[in-house]
Amino acid sequence: MNNKTTITIAFLAIMAFLPLLADSAWLSIGITFLVFAVVAFSQDIILGRAGVFNMGHAIFFGIGAYTTAILNVHFGLEIIYTIPFAIIFSAIIAVLLAGPIIHLKGDYFLVATIGFNIIFEQVLSNDIFGLTGGPNGIFGIDVIRIFGYELFSDTAIYYIAFGLLIITLFIIRNLDNSKYGRALYYINKDEIAAKSMGINVPYYKLFAFALGASIAGVAGSVFAIQYSAVSPESFNFMQSVMFFAIVLVGGSASLPGVIIGTFVMFVLPELFTEFKESRYLIFGAAMVLTMILRPNGVWPVTFGNIPKFLRPKKGAK
Amino acid sequence: MEYVLEIKNVSKFFSGLVAIDDLTINVKPGQIYGIIGPNGAGKTTLFNCVTGIYAPEKGSIKYKGKDITGMPPHKIAQMGVLRTFQNIRLFKEMSVAENIMAGYHTKSKQKWYHSIIHNSFYKKDELESWKKVEELMNFFDLSDLATTPTGDLSYGKQRKVEMARALAASPELLILDEPAAGLNENETIELTKIIKSISEMNIGIMMIEHDMDMVMNLTDYITVINFGKEISQGVPSFVQDDPRVIEAYIGSDDENDKEDANGK
Amino acid sequence: MKIKNIASALALSSVMLSSVAVADTVKIGVQAPITGKYANEGQSIDNFVRLIVDEKNAQGGLLGKQIEVVTCDDEAKAQKAAVCAKKLVNAGVFAVIGSYTSGATEAAQSTYFRNKVLQTSDGTSDSLIKRKYWTFFRNSFPNAAQSDFTAEYMVNVKKYKKIVVLSDYSSYSAGLGDATEASVKAINGNILFRGKIKSGVQNFTSTLTKIKAMKPDVIYYSGYYTDGGLLRAQQIQLQIDADFVGGDSNDNPDFYKLAGKSAAGTVLINFPTPEILPYPEAKKYLSAYKKRFNMSPPSIWPVTNADGLRAIIEGVEKTKSFDTKKIASYIRTMKDFPGITGPFNVREDGERVGAKFVVYKMKNDGTKEVVK
Amino acid sequence: METFIQQLINGLTVGSLYALVALGYTMVYGVMKLINFAHGDLVAFSAYVGLTIFTQFYGSNALTLVNIVIVFSLTSIVVAFMGVLLERLAYRPLRTAPRLSAVVSALGASLVIQNGIMLIWGPNMEIFPSDIFPSTTWNFGGVLISYTQFVILALSAFLMVSLYLFINKTKIGTAIRATAIDQDAAKLMGINVNRIVMIIFIVGSMLGAIGGLFIGVYYRGLTFDMGWMYGLNAFIAAIIGGIGSIPGAMLGGLLLGLFNAMISGYISTEWAETFTFILLIIILIVRPAGLLGHNVAEKV
């Protein structure tokens, strides 16, 4: 069992037993942590793996949440059936938005995605087609029913979010060990070399977008279920900045890195409410300091993920 | 089909300046074709045109009889034209095995959903892929370094990894941009053997090289260019004694200097 | 980190368990923006609640039990409000005062409803009573009441023929703007233009230049003073010859600072401010507040919340029980309960009825006079 | 027609503010290839500093020209110092680090300045006195220009021309341009890159400070998070003009101001920002180097 597996299992074990110890208020912080961790992992596919400077990730999170809210509240669809739509819509929107700009380099891409996020906020606030509910958002989302059981307790929602996290980690593990996942790393590390090895760069970048967005979309659905409400400010540009910073402060494509990042950005503020006034100042300073001391993040990724039979025998060299 | 690569009257300009001017080159399968010339002659620009990084303004490039002029690099690579870079472009943080795996990308048959669900097809394909990597690591004597990040390797080893990576794609045309640059004498001898044995697999090889001993030893045919223009063409012994070539090289810099036009 | 998290979670939950076990106190929650943009309002709500609770405790408490106040900061954010609701329910409160903004109130409503906890809020959004939760009643007056009054003033009193209605995008302001547009149309007034500005962009000249070409009689703005003051200043700078009427959130000293000399002539429609409330309870409580906290409440909203709390206390004492269902239905049947902000009457759906408004006009020297 | 010209004036006024701020972005990007996300917050900071100096030293009495010049100069110096400090602490240690690290550091620095302002001056709106400039307004056949607007337009134009001359006609300007084109080559030519970067931050911050003061004087209301919005618009302006290009930033600022005014005036205030960003994205797709920038071929 390698280091990474140990950390993953230990983390999941702690998270699995948390509801036994925490009361409802802490449970809802726990749910928020799980949901945001999933979103951060999905951003990590786009930013950390494919290396695309995506600063509009809150859009896909928001598309998922609003898809669930709109289909449930306006069209009366059961929550559970809204989730496939959340996945598909998020992926489609991701490809439609990123498609025309996928060839843009670094900073230019980043700026374009900032633009998309601000347009997205405005679309939500302007109550487009009378669907998004304007600045109020949408209230009164139903509870989730699975096989006729109503799952309204926080514990139930916690385990839904926890299940989603496990699925996300499973997908990421599979991705990292596949042709597509490796292609993303190659593109990230050297785009020209990747191209010259026959990798269709825009195609794989869009694949990363579609996959990342659809995971963020499901997380959005769970978010909508948790609060039984959605509103534009949860998906604004500042949220995207947070998801962007989480990945890079924690460490790109690194599981513990993303967990640490999410914990610092979303859970610590709940624990240290007395620093509320100055907490963004402290965050900002921490972001600067982390980058200076550890430019690749607190816990950078390590490579060398190859089958056993290829590993050199110990003492061979 | 006689030629694996046919470059016909190709020209490339950069903001009005001629980088390569009306070049015509034909490469046969299994042939080792040398491109030489002083710094800034446009040799790497020619390679960039062949591999699709640049699109030439004039002329045509055919690979196995098919026109590939202006095609995107990944399509050209998928067809079987692979390359190495003058300033080694490996995925530095990644291991030797993972780097070589990059070359196998076009051969792997995995679909997008195999990155989410691993079924038996995936397992078979993945095993085949890594077997190929293993084979290449053995061929290049890199097995002991399988997990080492390529950034930590010596120059000579890095050059070998880059060639192994290109070979993993089973190319029919291999383009080597100064493969011996920065290598010591022993490494150069080893490299010469390797290139020779690659050409014996009926792979056409095109190479830029400044090490004249190596070029004269290794290549079957040579084109000499200067200021983007062909100044001589022929078998090594002919080119070597061609007065135009000697003239072009007089007053030029040390032969190991970086070619400025090619940049980083 | 993780262990510390669990440990503190454990510690917290055990504190809560033990405090629930003590039976001779009852708990009342305050859900308000203690920090953030509306911190002064939120803190004042908390202050006022504590003032009234301390008074009650000094008199022997509620049905013999001492009242304990539990405050949760929702930062005026819907997401935080949902967490607060759960925290307060867990702390064992039987009633919650707040929150200040409609959005934060609405996000918490269903949690209180499911747990049978009373909630009263000053939020003015019409949607707050849409779901008719029996646990909820409003202690202020809805946008609809203000918009009817405003429409009446503009169309029938001032006889404006060409009315421009502007708002920002916030739920409160856009809601009041829409309601005013509807109220004006309902009494056959003429809306020339209904527009929105983005709060905080500071430059409204393009919108105003466009409006200038329409030659309106009046510009009504339903947003906040931070934008209203600038809107007025830029209106005067562009020499748009129209009256300016502002909704309640324009009534703030900073409006005049921002608009400078241009403020003169501005008309503001608001609930009566605390200083001019004519009721005996108002004199008593506001002087007590001033004495204890050394300042006046920043607006009427902490005061209406105080009335909400007083109504709940009245309900407990009259029904002699902490059964929230009984208290809620008692509050709905009270007739003219003497509130600090005037007679307190709650309709079946939780709406407070009997709204009173005041029309102010700004004078040259920055003071305001009551017109109506 | 009057309305149209009035909209033009409205647009040019706000456009010249954008241009002043955009210059800071474009100069830093030109030399360091870094989006200085904290620049907008420096602009907000300058407005607060200016306000504090105004109220501390002069009360709310009407100000003489000399006093105004002193306040503007003092503020510029303070903000320039902050700019240099920002570069030293947050950017210089990261000059050789991965690109994204510097981006995160810039975002962090932006948070620090923004919330520092909040801690110093409080979360509530601070308000500039309304009588810094006379409230005169000139009427040209129905088109109105206020005294303040005139000062903004005139002084911005003056500053931009001065900067243009500084960059193109002085030795330091030449060194800045050389560093922007190729830092390594500039170093070999004996140019002290650290010094150039410092000059860039001083000049950029000073222009931003003047912009911030104008914002304070013209719009009066200051909020601690206002820098973000001006920064974003100015940054878009820099990209429209071609980031790295100084005349581009000026042109981009003015065009963006005009574009915003025309959209809000003639099409929709509801969707004004959406139109701005659609314009931005179209420019990025069609002409990524902006109107006055030029494309650099990818090197292999």
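Note on naming: letters A, B, ... go to the chains in the order of the sequence lines (proteins, then strands), and numbering restarts at 1 for each one. It should be emphasised that the depicted structure is a prediction, and the values quoted were computed from it without experimental measurement.
Side-chain atoms of A:Val288 and D:Leu89, non-hydrogen and from C-beta on, never get closer than 4.5 Å to each other. A:Ile101 places none of its side-chain heavy atoms less than 4.5 Å from the side chain of D:Leu284. Two residues are said to be in side-chain contact when any heavy atoms from C-beta on lie closer than 4.5 Å; D:Val104 and A:Phe244 meet this criterion. Between D:Ser101 and A:Leu248, every side-chain heavy-atom pair lies at or beyond the 4.5 Å cut-off.
Both the backbone and the side chain of D:Trp271 come within contact range of chain A, with heavy atoms under 4.5 Å apart. For D:Phe275, no part lies under 4.5 angstrom from a heavy atom of chain A. Only the backbone of D:Ala272 comes within contact range of chain A, with heavy atoms under 4.5 Å apart.
Taken from CG in D:Leu111 to CE in A:Met242, the straight-line distance is 6.0 Å, to the nearest 0.5 Å. Between atom CZ of residue A:Phe116 and atom CD1 of residue D:Ile278 there is a gap of 9.0 Å, rounded to the nearest 0.5 Å. Expressed to the nearest 0.5 Å, how far CZ of A:Phe53 lies from CZ of D:Arg99 amounts to 6.0 Å. Separating the CD1 atom in A:Ile118 from the CZ atom in D:Phe277 is a distance of 3.5 Å, to the nearest 0.5 Å.
Using a 4.0 Å cut-off between charged nitrogen and carboxylate oxygen, A:Asp107 and D:Lys33 do not count as a salt-bridge pair.
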Q: Could you please spell out the steps behind the side chain to side chain contact (heavy atoms under 4.5 Å, CB included) verdict for A:Tyr108 and D:Ile243?
A: CA-CA 10 Å; A:Tyr108 289 102; D:Ile243 193 148; 3.5 Å; yes
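The residue among D:Ile35, D:Ile285, D:Leu107, D:Leu100 with the most heavy atom pairs within less than 4.5 Å of chain A is D:Leu100.
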